[in-house]
Q: 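Supplied in structure tokens, the structure appears directly below.
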Number of protein chains: 2
Amino acid sequence: MNLKQLSELLGLSQTTVSRALNGYPEVNEATRERVLRAVKETGYRPNKAAQRLATGKAGSIGLVMPTAPGHQSDVHFGEFLTGLGEEAVRHDFHFVIMPADPDDEVAALRRLAISGNVDALFVAYMRGHDPRLAMLKSLSMPFVVHGRSFGSEPDYPYLDIDNEGAFYDAARLLLQLGHTRFAMMNGPAHLDFAIRRRNGLIAALAERGLELPEDCTSQTVMTDEEGLIAMERFLQLPDRPTAILCSSTVLALGAIRAVNQAGLKLGEDISLIAHDDVLPLLKPENFSVPLTTTRSSLRAAGVRIAQRLIGTVKQAGPFPEQELWKTELIVRASTGPAP
Amino acid sequence: MNLKQLSELLGLSQTTVSRALNGYPEVNEATRERVLRAVKETGYRPNKAAQRLATGKAGSIGLVMPTAPGHQSDVHFGEFLTGLGEEAVRHDFHFVIMPADPDDEVAALRRLAISGNVDALFVAYMRGHDPRLAMLKSLSMPFVVHGRSFGSEPDYPYLDIDNEGAFYDAARLLLQLGHTRFAMMNGPAHLDFAIRRRNGLIAALAERGLELPEDCTSQTVMTDEEGLIAMERFLQLPDRPTAILCSSTVLALGAIRAVNQAGLKLGEDISLIAHDDVLPLLKPENFSVPLTTTRSSLRAAGVRIAQRLIGTVKQAGPFPEQELWKTELIVRASTGPAP
DNA sequence: AGGAAATCTCAAAGCGCTTTGACACGCCAA
DNA sequence: TTGGCGTGTCAAAGCGCTTTGAGATTTCCT
């Protein structure tokens with residue numbers, strides 16, 4: 001069933017039916033009623049591809065999903081997607097997800113944009129000096145970045161959390177508790193949030209004339225295995241750290257396993273603060289020793305970014321171009337005075 | 001840059017350029033070379049919406065993502081998607097994801113199909129007597145179901161794991177170890193896998209003249225909280241169970257917390273077998289007491305389903321209509337002789 | 001050299017929709 | 001009667017691509 005058939009069925013022109021459907025004012029209310037009823041009865045749905053071709057819009061947000069054999073799926077990605085979806089469903093928007101090798105993201109993003117399949121783009125996993133930024137700006141398609149790109153002019157639309165502030169505050173808390181030997185379990189070194197969190201920690205330490213030793217820094221993929229390995233390394237250090245900052249509750253999971261295996265007590269021998277993206281699976285309050293965290297909901301960020309993206313496409317603006325969300329520092333039992 | 005412009009630039013007709021691009025034989029090799037070079041230089045990409053409109057195909061798989069405010073994101077969904085993506089990227093396919101309220105899935109699926117945005121559909125979270133099946137069959141669009149629908153004629157293309165066999169085998173192991181008091185922590189009762197796993201357990205018990213008491217069955221959303229709650233309930237039973245079957249490592253996470261809190265020893269006081277979807281975050285071997293599991297990789301299933309879906313769209317068939325994968329029973333330390 | 005076959009290219013139709021510009025109609029004021 | 005104004009409707013163009021059916025050119029065989 002297409003527009004033509006429907007209009008013939010009704011004895012109307014395609015124009016009139018199309019206008020009736022799209023809420024144009026110059027259609028008789030009675031006619032509109034009739035059209036709407038016929039749509040219900042026939043189950044007619046406009047062909048989105050045709051709609052897109054004609055209007056250039058079709059209610060879709062494009063995003064690139066990094067994937068490859070051996071590339072671990074990332075809980076953060078799913079959680080964020082859920083946030084996007086929660087908002088998108090309210091506006092009858094959908095997603096076009098282009099899977100791409102992590103090394104091919106710039107090209108994949110460009111393909112996605114030029115394909116004419118999407119109205120707006122969403123970009124995450126930002127790096128320092130991210131090459132996608134220049135490409136996006138040249139594209140004349142709305143986009144919002146989750147995170148920022150350290151080293152690039154911040155003249156693009158983004159939503160980020162205050163990573164530097166989060167880890168600065170976390171470090172201050174530990175300093176006040178008397179800790180002086182710090183270690184950091186971070187995400188991959190090239191990612192923006194990792195750079196900023198590290199800077200936050202270093203800034204707080206510097207105020208007390210302290211430094212973050214090289215061998216007390218681990219920058220890895222954020223899996224629990226890597227957390228375990230890093231923590232085991234830290235614990236074998238001659239002058240082992242007592243205060244750990246950890247970029248994810250996933251890393252913390254492994255780290256804590258290492259602490260337990262070493263027969264140490266979390267919150268006494270070792271204090272740990274992790275960043276909490278509010279993953280439903282990894283609630284800090286459910287850890288055997290509840291975790292002190294810096295918290296910011298990934299899902300909420302997804303909702304907000306979808307709002308901005310959809311709003312821009314629908315011209316329901318204006319939206320702030322840049323948003324920086326503060327994180328909350330929530331003290332639980334994994335932090336205590338330095339031993 | 002569109003086809004018209006490109007063809008003018010080259011001094012060729014649109015037909016010739018289109019044919020050169022799509023590998024038709026009636027184009028001079030030299031001409032094709034020239035076209036390909038121009039594409040490289042100009043960065044031309046065909047508009048997918050137009051391509052779809054003209055051909056009816058555009059290289060996309062559609063799926064519905066259940067979402068709603070308060071609806072927890074599901075790690076299983078992300079993991080499966082990664083599998084789909086891993087295969088899709090090899091064929092330059094993408095996904096169209098329609099977020100939808102869980103109560104609205106049938107309608108959402110229909111919208112997605114009729115929208116003309118997708119070439120094939122993928123469906124998961126199957127229920128007993130699933131109403132989507134009839135709709136899908138009436139659609140004349142390729143689809144593959146992950147799981148099955150208990151109570152419906154199995155005359156549709158699916159990939160499922162042998163849930164019944166998995167839990168039958170698991171129960172047999174525990175029976176051989178002398179356990180007689182069983183409990184089950186299952187997924188939502190209306191879901192197909194939950195029905196079959198329960199049947200598998202009941203069948204194994206029946207062979208020994210045993211039954212699964214009502215108060216030793218929990219059928220809930222599969223979160224760690226629910227796992228905790230269910231296990232706490234089991235432990236307070238006057239004749240408390242010693243053998244637990246658990247539909248997910250996520251549930252097991254909570255369950256084990258309850259066991260620990262009660263001061264009991266896993267693998268001694270309580271034996272537990274969980275089904276393991278091979279989530280990167282929840283490796284059974286990384287639990288403090290490594291978990292005995294029935295294993296089947298969700299991601300591998302995603303890859304396989306994408307293969308079948310894409311193969312069907314590309315007419316690169318034939319593919320088996322139905323596949324039933326055996327699970328592996330892997331014995332670790334969470335199972336031991338009945339106390 | 002002649003003609004058929006093979007090779008290459010083209011103009012135009014069509015995919016299903018939106019949107020423009022025009023037309024027909026009834027109504028009221030001049 | 002004429003003109004102007006809203007209201008409701010329509011035919012047709014256009015979005016960017018593929019594909020058909022036909023025309024032009026070259027190649028090959030007798």
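Each chain gets a letter, A, B and so on, in the order the sequences are listed, and its residues count up from 1. Only a predicted model underlies this, so the values are computations on that prediction, with no experimental measurement involved.
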Q: How many whole angstroms separate atom CG of B:Leu21 from atom P of D:dC17?
A: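 B:Leu21 atom CG is separated from D:dC17 atom P by 10 Å.
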Q: Kindly say if A:Thr31 contacts the phosphate of D:dG8, meaning a side-chain N or O under 4.0 Å from OP1 or OP2.
A: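 A:Thr31 to D:dG8 OP1/OP2: no side-chain N or O under 4.0 Å.
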Q: Is the phosphate of C:dT18, meaning OP1 or OP2, less than 4.0 Å from a side-chain N or O of A:Gln51?
A: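 It does, given that an N or O in the side chain of A:Gln51 lies less than 4.0 Å from OP1 or OP2 of C:dT18.
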Q: Identify all side-chain donor-acceptor contacts of residues 110-117 of chain A below 3.5 Å with residues at least two apart in sequence or on another chain.
A:
residue: A:Ser115; atom: OG; partner: A:Leu112; partner atom: O; Å: 2.8
residue: A:Ser115; atom: OG; partner: A:Asn117; partner atom: N; Å: 3.0

Q: Taking only side-chain nitrogens and oxygens of B:Asn22, does any of them come within less than 4.0 Å of OP1 or OP2 of D:dT18?
A: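 Yes.
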Q: Salt bridge (Lys or Arg N to Asp or Glu O under 4.0 Å) with B:Asp277: which residues, sequence neighbours excluded?
A: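 If we apply the salt bridge (Lys or Arg N to Asp or Glu O under 4.0 Å) test to B:Asp277, skipping adjacent residues, there are no hits.
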Q: Can a side chain N or O of B:Asn2 be found less than 4.0 Å away from OP1 or OP2 on D:dG16?
A: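 Answer yes for this pair, as a side-chain N or O of B:Asn2 is under 4.0 Å from OP1 or OP2.
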Q: Taking only N and O in the side chain of B:Ser18, is any of them less than 4.0 Å away from OP1 or OP2 of D:dC17?
A: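 Checking B:Ser18 against D:dC17: no side-chain N or O falls below 4.0 Å of OP1 or OP2.
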Q: On DNA chain D, nearest-nucleotide positions of B:Ala50 versus B:Tyr24: which is more 5'?
A: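 Nearest-nucleotide comparison on DNA chain D picks B:Ala50.
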Q: Would you mind telling me which residue lines up with the more 5' stretch of DNA chain C, B:Glu29 or B:Ala54, judged by nearest nucleotide?
A: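 The residue mapped nearer the 5' terminus is B:Glu29.
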Q: Are A:Ile97 and B:His94 close enough that some pair of their side-chain heavy atoms sits under 4.5 Å apart?
A: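 No, too far: nothing below the 4.5 Å cut-off.
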Q: Rounded to the Å, how far apart are A:Ile114 CD1 and D:dC17 C1'?
A: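 A:Ile114 atom CD1 is separated from D:dC17 atom C1' by 16 Å.
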Q: What contact category does A:Glu26 fall into here, base, sugar-phosphate, or nothing, at under 4.0 angstrom with non-hydrogen atoms?
A: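 Result for A:Glu26 = base.
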Q: Counting just side-chain N and O atoms, does B:Asn28 come under 4.0 Å of either OP1 or OP2 of C:dC8?
A: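 Yes, B:Asn28 has a side-chain N/O under 4.0 Å of OP1/OP2 on C:dC8.
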Q: Looking at B:Phe80, B:Phe143, B:Phe95, which hits ring-ring contact (aromatic ring centres under 6.0 Å, His included) with B:Phe122?
A: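 Going through B:Phe80, B:Phe143, B:Phe95 one by one, the ring-ring contact (aromatic ring centres under 6.0 Å, His included) with B:Phe122 is satisfied by B:Phe80 alone.
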Q: Is there a side-chain polar atom (N or O) of B:Ser13 under 4.0 Å from OP1 or OP2 of C:dC10?
A: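 Yes, such a contact exists.
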Q: Regarding C:dT18, can its base be found pairing with the side chain of A:Thr15 as donor and acceptor, where the two atoms are less than 3.5 Å apart?
A: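 Absent.
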Q: Roughly how many Å is it from CG in A:Asn47 to C1' in C:dG16, rounded to a whole number?
A: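 Computing the A:Asn47:CG to C:dG16:C1' distance gives 6 Å.
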Q: Whole angstroms only, please: what is the CD-C1' distance between B:Glu8 and C:dC10?
A: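 Taking atom C1' of C:dC10 as the reference, CD of B:Glu8 is at 14 Å.
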Q: Which of these nucleotides, D:dC10, C:dG16, D:dT18, is closest to any side-chain atom of B:Leu3?
A: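 Out of D:dC10, C:dG16, D:dT18, the nucleotide with an atom closest to B:Leu3's side chain is D:dT18.
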Q: Give the rounded distance in Å between these two atoms: CD of A:Gln14 and P of D:dG14.
A: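 Spelled out: CD on A:Gln14 to P on D:dG14 is 16 Å.
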Q: With sugar-phosphate meaning primed atoms plus P, OP1 and OP2, does A:Thr55 contact a base, only sugar-phosphate, or nothing at under 4.0 Å between heavy atoms?
A: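 Touches sugar-phosphate only.
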Q: A:Leu12 has an atom CG; how far is it from atom P of D:dT7, in whole Å?
A: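 The answer, rounded to whole Å, is 19 Å.
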Q: Within this structure, what is the NZ-to-P distance between A:Lys4 and D:dA11, rounded to whole angstrom?
A: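 Going from NZ in A:Lys4 over to P in D:dA11 covers 12 Å.
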Q: Between A:Glu87 and A:Arg304, does the salt bridge (Lys or Arg N to Asp or Glu O under 4.0 Å) criterion hold? Intermediate values first, please.
A: CA-CA 8 Å; A:Glu87 179 69 15; A:Arg304 177 58 185 163; over 6 Å; no
Q: Do the side chains of B:Asp192 and B:Arg148 get close enough for a salt bridge, i.e. N-O under 4.0 angstrom?
A: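 Looking at B:Asp192 and B:Arg148, the cut-off is not met.
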Q: Could you check how far CZ of A:Arg32 sits from P of D:dT9, rounded to whole Å?
A: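 One finds 10 Å between P of D:dT9 and CZ of A:Arg32, rounded.
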